[in-house]
Amino acid sequence: MSVSAREVKALREHTGAGIMDCKRALIETGGDLEAAVDLLRMKGAAKVAKRADRAANEGTVGQYIHHGGRIGVLVELNCETDFVAKTDEFCQLARDVAMHIAAARPLALSPEELSPELVEKERRIYLEQVRSEGKPEAIHERIIEGKLRKFYEESTLLRQKFVKDPDRSIGDLVTAIAAKTGENVRIARFARFEVGVMG
């Protein structure tokens, strides 16, 4: 099967992947653009996972100050080389993530970083909810796990839907730039400040 340059260009613009990777993905999926996007994301995630234990000691601190100066965010975005750290795309990602944090108010970077006390409190609340709804006891745990997954998606940065593109999570954005640069890219930490709000 052959694919047109227009199709390759469209896929490349959508994913940021290399030309040959886009061409191979389109051939492998029979020209289905959506399937090719999914395939590239899976392959990119697999490559990124292999690089996850490489040192990422370079990077940048992105910042965002919301209109009027009432909300401010700092986020540390790391990579392996100063060459990648200085690219416009990397710096833009740091700014976008900082802006997202200002708007979305994540509680932690990932579910693993949430306090066990908070997770247990949420679990108890969900248990009371399913009991009061009269759900069969046999399915309580499954419902609670589903509610916890939703809680993680709403409250942890890497799982939150990006405010500028709800089809992608912040984790997806980081994975995409890691796949494109061939480096280990990660968000190390962040701090969100709001006038009059502590913690």
[X] side, atom [atom1]; [Y] side, atom [atom2] - distance, nearest 0.5 Å:
X: L109; Y: Q160; atom1: CG; atom2: CD; value: 10.5 Å
X: I177; Y: D172; atom1: CD1; atom2: CG; value: 13.5 Å
X: E133; Y: I143; atom1: CD; atom2: CD1; value: 7.0 Å

Might you point out which heavy atoms bring V174 and V185 nearest each other, and give the distance in Å? CG1-O, 3.3 Å

Side chains of T81 and E183: any donor to acceptor distance under 3.5 Å? yes

Any luck finding a side-chain donor-acceptor pair between S110 and E112 under 3.5 Å? yes

Check whether any side-chain heavy atom of [X] sits under 4.5 Å from a side-chain heavy atom of [Y], and report yes or no.
X: D165; Y: R168; answer: yes
X: E76; Y: I187; answer: no
X: E113; Y: T156; answer: no
X: T60; Y: F90; answer: yes
X: R159; Y: E154; answer: no

Can you list the steps and then say if K121 with E117 is a side-chain contact (heavy atoms from CB on, under 4.5 Å)? CA-CA 6 Å; K121 177 182 157 197; E117 296 80 17; over 6 Å; no

Stepwise side-chain contact (heavy atoms from CB on, under 4.5 Å) test for S155 and L114: CA-CA 9 Å; S155 62; L114 287 168; 4.2 Å; yes

So, are [X] and [Y] salt-bridged, with charged N and O less than 4.0 Å apart?
X: K180; Y: E89; answer: yes
X: R105; Y: E194; answer: yes
X: R131; Y: E128; answer: yes
X: E141; Y: R123; answer: yes

Y126 vs F151 aromatic rings, parallel, tilted or perpendicular, using cut-offs 30° and 60°? perpendicular

Taking it one step at a time, do V84 and K86 satisfy side-chain contact (heavy atoms from CB on, under 4.5 Å)? CA-CA 5 Å; V84 167; K86 292 176 182 172; over 6 Å; no

